[in-house]
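What you see is a predicted model, and the numbers here were worked out from it, not measured in a lab.
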Amino acid sequence: MDVDACREAALTLLDAAARSSGALVKRLVDKGYDPVVADDVVMRLVDVHLIDDEDYARSVVRSCAGRMLGFRGTVMELKRKDVDDLLAQQVASEARDQGVFEDAAWQLGRKVAVKTEGLELQIRRRRFWGAGGRKGHDPETLRRVCHELFDKE
């Protein structure tokens, strides 16, 4: 009975929002289900392909790129969503190799440039670096984007 109730709860949670297997187990345990039962139910859902952590991680990376997050910010978001550390690093590294975070840094830079137009150059740079740091971009990428967008004026 507990297994059936746990499975129903898991399916209801998945219907509401996509989740990693780790996040789903944690949520089920928080709802009062036995950790072993929750783990078994989630592993069964993985086996029947109702949960795919890699696909989920890739969708989180796309979402992070849309929010202009960098590599570090994206890995932190994946970990916050209980994606396995190794998978989080792997998926974020693939995105970095494809230039996803470089594009996000440029998008962020252009946005800051428009918002700070007319301000002193030093203030514009500081705001870009602050935003880039908060979003988890690496300093080398920020330096390149800053140079191209602000130093060539």
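Leu119 and Leu108 fall into different hydrophobic clusters, where Ile, Leu, Val, Met, Phe, Trp and Tyr side chains are chained together by heavy-atom contacts under 4.5 Å. By the rule that hydrophobic residues join a cluster once side-chain heavy atoms approach within less than 4.5 Å of another member, Leu11 and Met43 end up as members of one cluster. Follow the hydrophobic side-chain contacts under 4.5 Å out from Val48 and you reach Val42 in the same cluster. By the rule that hydrophobic residues join a cluster once side-chain heavy atoms approach within less than 4.5 Å of another member, Leu142 and Val112 end up as members of one cluster. The cluster map of Ile, Leu, Val, Met, Phe, Trp and Tyr, joined by side-chain heavy atoms under 4.5 Å apart, puts Ile51 and Val25 in the same cluster.
Closest of all the heavy-atom pairs between Arg19 and Leu14 is N-CD2, 4.2 Å. The two residues Cys64 and Thr74 come nearest to each other via the heavy atoms CB-OG1, 3.4 Å. Pro35 and Val29 make their closest contact through CA-CG2, 3.7 Å (heavy atoms, listed as atom of the first residue, atom of the second, distance). Across every non-hydrogen atom of Phe128 and Val145, the tightest pair is CZ-CG1, 3.5 Å. A pairwise comparison of heavy atoms in Ala18 and Tyr56 identifies O-CE1, 3.5 Å as the closest pair. The heavy-atom pair separating Met68 from Lys135 by the smallest distance is O-CD, 3.3 Å.
For the pair Arg125 and Phe150, the cation-pi criterion (under 6.0 Å, within 45° of the ring axis) is not fulfilled.
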**OP:** Kindly determine whether Asp40 and Val3 satisfy side chain to side chain contact (heavy atoms under 4.5 Å, CB included), including the steps that lead there.
**Re:** CA-CA 9 Å; Asp40 288 346; Val3 172; over 6 Å; no
Original post:
Could you walk me through whether His137 and Leu69 pass the side chain to side chain contact (heavy atoms under 4.5 Å, CB included) check?
Top reply: CA-CA 7 Å; His137 287 282; Leu69 265 58; 5.7 Å; no
**OP:** Might you work through the side chain to side chain contact (heavy atoms under 4.5 Å, CB included) test for Val75 and Asp85, ending with a clear yes or no?
**Re:** CA-CA 8 Å; Val75 170; Asp85 288 347; over 6 Å; no
Original post:
How far apart are the C-alpha atoms of Asp2 and Tyr33, what are their side-chain angles, what is the distance that settles it, and do they pass the side chain to side chain contact (heavy atoms under 4.5 Å, CB included) test?
Top reply: CA-CA 8 Å; Asp2 197 33; Tyr33 293 100; 3.6 Å; yes
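The number of heavy atoms from other shown groups lying within 6.0 Å of CD1 (Ile123) is above 12. Atom CZ of Arg143 is surrounded by more than 12 heavy atoms from other residues, nucleotides or ligands within 6.0 Å.
Put simply, the side chain of Arg7 does not reach to within 4.5 Å of the side chain of Arg44, judged on heavy atoms. Using a 4.5 Å heavy-atom cutoff, the side chains of Val41 and Leu24 are not in contact. In this structure, Val61 and Glu77 have side chains that are not in contact, with every pair of non-hydrogen atoms separated by 4.5 Å or more.
Going from atom NZ of Lys111 over to atom OG1 of Thr116 covers 12.0 Å, rounded to the nearest 0.5 Å. Note: Glu8 CD to Asp15 CG = 11.0 Å, rounded to the nearest 0.5 Å.
Exactly one residue among Asp84, Asp53, Asp52, Asp39 makes a side-chain hydrogen bond (donor to acceptor under 3.5 Å, both in side chains) with Ser21. That residue is Asp53.
Between the side chain of Ser20 and the backbone N or O of Ala23, at least one donor-acceptor pair lies under 3.5 Å. Judged by distance alone, the side chain of Arg80 and the main-chain N or O of Met76 form no donor-acceptor pair under 3.5 Å. Checking side-chain atoms of Ser93 against main-chain N and O of Gln89 turns up a donor-acceptor pair under 3.5 Å. Using a distance-only test at 3.5 Å, with no hydrogens or angles considered, no donor-acceptor pair links the side chain of Thr141 to the main chain of Glu102.
Under the 4.0 Å criterion applied to side-chain N and carboxylate O atoms, Arg124 and Glu117 are not assigned as salt-bridge partners. In summary, Glu94 and Arg58 engage in a salt bridge, as defined by a charged side-chain N under 4.0 Å from a carboxylate O. Ionic pairing of Lys26 and Asp82 is present here: one or more N-O contacts between side-chain nitrogen and carboxylate oxygen are shorter than 4.0 angstrom. Ion pair Arg27/Asp30 not flagged as a salt bridge, since none of the NZ, NE, NH1 or NH2 atoms sits closer than 4.0 Å to an Asp/Glu carboxylate oxygen.
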